[in-house]
Novice: 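Structure incoming, see below.
Counting from 1, the numbers follow the sequence of the chain as shown. A quick note: this is a predicted structure, and the numbers were derived from the prediction, not measured.
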Amino acid sequence: MTQVAEPMTERAGAGAAAVPHWIGGVRVAGTSGRRGPVFNPATGQVAREVDFASVEEVDAAVAAAKAAFPAWRATSLSKRTEIMFRIRNLVETHRRELAAFLTSEHGKVPSDALGEIARGLENLEFSTGIPHLMKGGYSEQVSGGVDVYQIRQPLGVAAGITPFNFPAMVPMWMFANAIACGNTFILKPSEKDPSASIYMAELLAEAGVPAGVFNVINGDKVAVDRILEHPDIAAVSFVGSTPIARYIYETGTKHGKRVQALGGAKNHMIVLPDADIEMAADAAVSAAYGSSGERCMAVATVVAVGSVADPLVEAIGKRLPKINVGPGSDPAAEMGPLVTKVHRDKVATYLDSATKQGATLVADGREHALYKESDGFFLGLSLIDDVTPVMDCYRDEIFGPVLTVTRVATYDEALKLVNDNPYGNGTAIFTRDGGAARQYQFDVNVGMVGINVPIPVPVAYYSFGGWKASLFGDLHMYGPEGIQFYTRAKVVTARWPDPGTSKVDLGFPRTR
Ligand code: NAD
């Protein structure tokens, strides 16, 4: 392996060398001979390439992480806390540089990129409480002169495999708690926007994270499969689409690993007839089209109950032409391009299938000038009304700036629609009736619920997780369940008898 010397910020320009790996505290150029393109979605040009790791390169990262584990695990909680504070401060200080990578490779506009980083920072802040979070329990005198205590210990080497849509926040969801707990970590970011991970690796090193504690392996299925089968990796966190999440969970657990695998989504926003229509329309537009709809908690479908449908569709429709679509370099842009041309074109196919299957296309994003004239991967905002559950645009996760509206007559019909859906990531209800909202929170089979809040992403001191096909595994991500995921319990039963008081007793130990 060849160590790459130049700083990331210099080498990140167009035409620069491929985005490397980060192993043992240094940038390492790939040697597999395999690379992938990294586009600038606003221009449609290949901005740089990214190295795709071989099995041997993954093994080198695991070896570095394994070697670093004993000393990192033995590092005092106070010292680890101090380092987590420094990471937090460096990410905060350099948030604009980090955001620039998100804009140039993902396409999201700077305000959105900074919002993503702010939500990631919450996780770093949570992890600075690690001395408190790692506390165990102690029971004195469970039997005569016998005490029992439980301690939580790190697992060893943990790996994180992350999606393209949050290149900074989702890695922070994982590595903040993983390393604070004393694990060492290997991140396999999305090959579509890998630079943010290497930049964060540099910040972690600057913060004092020892070499080998945090590693980045760039690549594709070859790297992922090696992670899933590697005997020295104890745990895998995954965020991405449902088919891959299911594969990661099944393969990782088959190889004896602890796995949490978060999948795709189809988030419903129920609007009851008594809702404030203007507020509901603002929320639907913000949550459906923010980040071009490429958010796992985006509102994908509005469920309009009873008489609310006509005025609500009209209110949403009125807002769409006012949204400024453009590249992140334009300070006025509110919504950027999609991540790749392939993805943008796939999203656009749902507009045709919807009309063929009987839906009403209220706004067609293909009419936007940037869709027609730009080389960037732009698509304007689309709104589809009269959507039924059998249509492709309802059944599939579109993951683009397309909002569908399904009209139902009653709350019960709305609830059934949500509960029958295979996904269960997020949902929201808009109403002025507290009783109805409480009933929905009680009834709905979805992991994260918003009441007059369209994107209910929990703060970092709760945990993030969907139900049904949106999460495979037992523990949700980050927050208290993240600490549980990255540690295992050890229970110690101890006594300090006086000499000469022991005797042989073959009976099963009793406490009474
Ligand atoms: P993806 O599943 O295509 O990729 C995710 C990761 O898996 C990437 O690192 C990728 O390299 C890897 N991967 C892809 N195909 C693979 C294969 N065949 N074998 C092994 N590894 C593979 O997801 P994406 O397109 O990057 O991200 C968008 C998806 O992620 C959407 O479905 C979205 O809902 C979901 N998502 C979910 C959450 C959540 O918290 N539930 C959050 C963000 C994104």
Side-chain angles (χ1 to χ4, degrees), residues 7-9 21-28 61-95 97-98 117-136 151-160 162 167-187 189 196-217 233-235 237 460-461 477-480 482-488:
M8 181 69 195
T9 37
H21 312 298
W22 181 272
I23 301 173
V26 290
R27 271 166 272 116
V28 174
V62 178
K66 188 180 178 187
F69 177 63
W72 180 241
R73 182 197 162 193
T75 302
S76 74
L77 283 168
S78 305
K79 181 73 191 164
R80 295 209 302 258
T81 301
E82 187 188 4
I83 291 174
M84 296 317 295
F85 263 107
R86 275 200 239 121
I87 298 172
R88 184 259 167 223
N89 289 345
L90 280 167
V91 171
E92 216 271 331
T93 303
H94 295 283
R95 66 192 184 286
E97 291 96 310
L98 187 53
I117 293 165
R119 295 306 303 265
L121 276 168
E122 277 181 19
N123 291 273
L124 291 167
E125 286 157 9
F126 178 77
S127 73
T128 62
I130 200 65
H132 180 70
L133 297 165
M134 291 276 282
K135 277 181 189 165
I151 49 185
R152 297 208 71 89
Q153 295 188 334
L155 308 173
V157 181
T162 54
M169 181 183 77
V170 170
M172 285 190 260
W173 282 4
M174 298 174 182
F175 77 71
N177 289 331
I179 65 174
C181 287
N183 301 284
T184 54
F185 195 77
I186 295 169
L187 173 64
S197 292
I198 298 292
Y199 186 68
M200 287 192 287
E202 292 185 329
L203 296 180
L204 265 65
E206 196 180 330
V209 172
V213 170
F214 181 78
N215 307 275
V216 180
I217 276 293
I233 293 180
S237 299
Y461 33 99
M477 203 159 277
Y478 70 69
I483 301 296
Q484 236 181 303
F485 182 80
Y486 290 121
T487 55
R488 55 186 166 177

Novice: Ile23 vs Ile217, test: side-chain contact (heavy atoms from CB on, under 4.5 Å). Steps then yes/no.
Specialist: CA-CA 8 Å; Ile23 301 173; Ile217 276 293; 4.0 Å; yes
Novice: Between Arg119 and Trp173, is there a side-chain heavy-atom distance shorter than 4.5 Å?
Specialist: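 No, their side chains stay 4.5 Å or more apart.
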Novice: Look at the side chain of Asn215 and the backbone N and O of Phe185, then say whether any donor-acceptor pair between them is shorter than 3.5 Å.
Specialist: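 Yes: the side chain of Asn215 pairs with the backbone of Phe185.
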Novice: Where do Tyr486 and Met174 land on the side-chain contact (heavy atoms from CB on, under 4.5 Å) test, with the steps shown first?
Specialist: CA-CA 9 Å; Tyr486 290 121; Met174 298 174 182; 3.5 Å; yes
Novice: Testing the basics here: between Asn177 and Gly479, what is the closest heavy-atom pair and its distance to 0.1 Å?
Specialist: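 Looking at all heavy atoms of both residues, the closest pair is ND2-N, 3.6 Å.
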Novice: Are Met200 and Ile87 packed together at the side-chain level, in the sense that at least one heavy-atom pair is separated by less than 4.5 angstrom?
Specialist: no
Novice: Looking at residues at least two apart in the chain, or sitting in another chain, which of them share a salt bridge (Lys or Arg N to Asp or Glu O under 4.0 Å) with Glu82?
Specialist: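 Residues passing salt bridge (Lys or Arg N to Asp or Glu O under 4.0 Å) with Glu82: Lys79, Arg86.
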Novice: First locate atom CZ of Arg27, then atom CD1 of Ile198, and finally report the distance between them rounded to the nearest 0.5 Å.
Specialist: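 The CD1 atom of Ile198 is 8.5 Å from CZ of Arg27, to the nearest 0.5 Å.
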Novice: Kindly write out the residues that satisfy side-chain contact (heavy atoms from CB on, under 4.5 Å) with Ala460, not counting sequence neighbours, or none if the list is empty.
Specialist: Glu122, Asn123, Phe126
Novice: Is the shortest side-chain heavy-atom distance between Phe69 and Pro154 below 4.5 Å?
Specialist: yes
Novice: Any chance you could measure Leu124, atom CG, to Ile179, atom CD1, to the nearest 0.5 Å?
Specialist: 8.0 Å
Novice: Give me each pair satisfying salt bridge (charged side-chain N to carboxylate O under 4.0 Å, His left out) with a member in residues 167-185, each pair once, sequence neighbours excluded.
Specialist: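 Residue pairs passing salt bridge (charged side-chain N to carboxylate O under 4.0 Å, His left out), neighbours aside: none found.
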Novice: Please report the closest heavy-atom contact between Pro171 and Leu187, naming both atoms and the distance.
Specialist: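 What the structure gives for the nearest pair is CB-CD2, 3.8 Å.
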Novice: Scan for side chain to side chain donor-acceptor pair (under 3.5 Å) pairs involving residues 125-136, sequence neighbours excluded, and state none if there are none.
Specialist: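 For residues 125-136, and leaving out neighbouring residues, the side chain to side chain donor-acceptor pair (under 3.5 Å) pairs sorted by first residue read Arg88-Glu125, His132-Lys135.
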Novice: Counting distance only, does the side-chain N/O of Arg80 pair as donor-acceptor with the main-chain N or O of Thr75 below 3.5 Å?
Specialist: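 Checking the backbone N and O of Thr75 against the side chain of Arg80, a donor-acceptor pair under 3.5 Å is found.
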Novice: Answer whether the closest heavy-atom distance between the side chains of Met477 and Phe485 falls below 4.5 Å.
Specialist: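 With C-beta onward as the side chain, the pair stays apart.
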Novice: With a 3.5 Å distance limit and no angle check, can you tell me whether Asn183 reaches the backbone of Val157 through a side-chain donor-acceptor pair?
Specialist: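 No, because the side chain of Asn183 does not come within donor-acceptor range (under 3.5 Å) of the backbone of Val157.
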Novice: How close do Tyr199 and Leu98 get, counting heavy atoms only, and between which atoms?
Specialist: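 Taking Tyr199 first and Leu98 second, the nearest heavy atoms are CD2-CD1, 3.8 Å.
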Novice: Could you name each residue pair satisfying salt bridge (charged side-chain N to carboxylate O under 4.0 Å, His left out) that touches residues 66-75, not counting sequence neighbours?
Specialist: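 Those involving residues 66-75 are Lys66-Asp232.
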Novice: Taking the side chain as everything from C-beta on, heavy atoms only, tell me whether Pro167 gets closer than 4.5 Å to Thr162.
Specialist: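 No, side chains not in contact.
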Novice: Shortest non-hydrogen contact from Gly24 to Ala211?
Specialist: O-CB, 3.2 Å
Novice: To the nearest 0.5 Å, what is the distance between CZ (Arg488) and CZ (Arg152)?
Specialist: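 Result: 11.0 Å between the selected atoms.
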Novice: In Å, rounded to the nearest 0.5 Å, how long is the span from CZ of Phe214 to CD of Glu202?
Specialist: 11.0 Å
Novice: Output all residues satisfying side-chain contact (heavy atoms from CB on, under 4.5 Å) with Ala234, sequence neighbours left out; order by chain, then residue number.
Specialist: Leu155
Novice: Short question: side chain of Trp72, backbone of Pro210 - any donor-acceptor pair under 3.5 Å?
Specialist: no
Novice: What are the two closest non-hydrogen atoms of Gly212 and Thr184, and how far apart are they?
Specialist: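 Residues Gly212 and Thr184, closest heavy atoms: O-CB, 3.9 Å.
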Novice: Could you check if a side-chain atom of Ile83 sits within less than 4.5 angstrom of a side-chain atom of Leu204, using non-hydrogen atoms only?
Specialist: no
Novice: Over all heavy atoms of both residues, which pair between Ala180 and Ile130 is shortest? Give the atoms and the distance, please.
Specialist: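 Heavy atoms only, the tightest pair is O-CG1, 3.3 Å.
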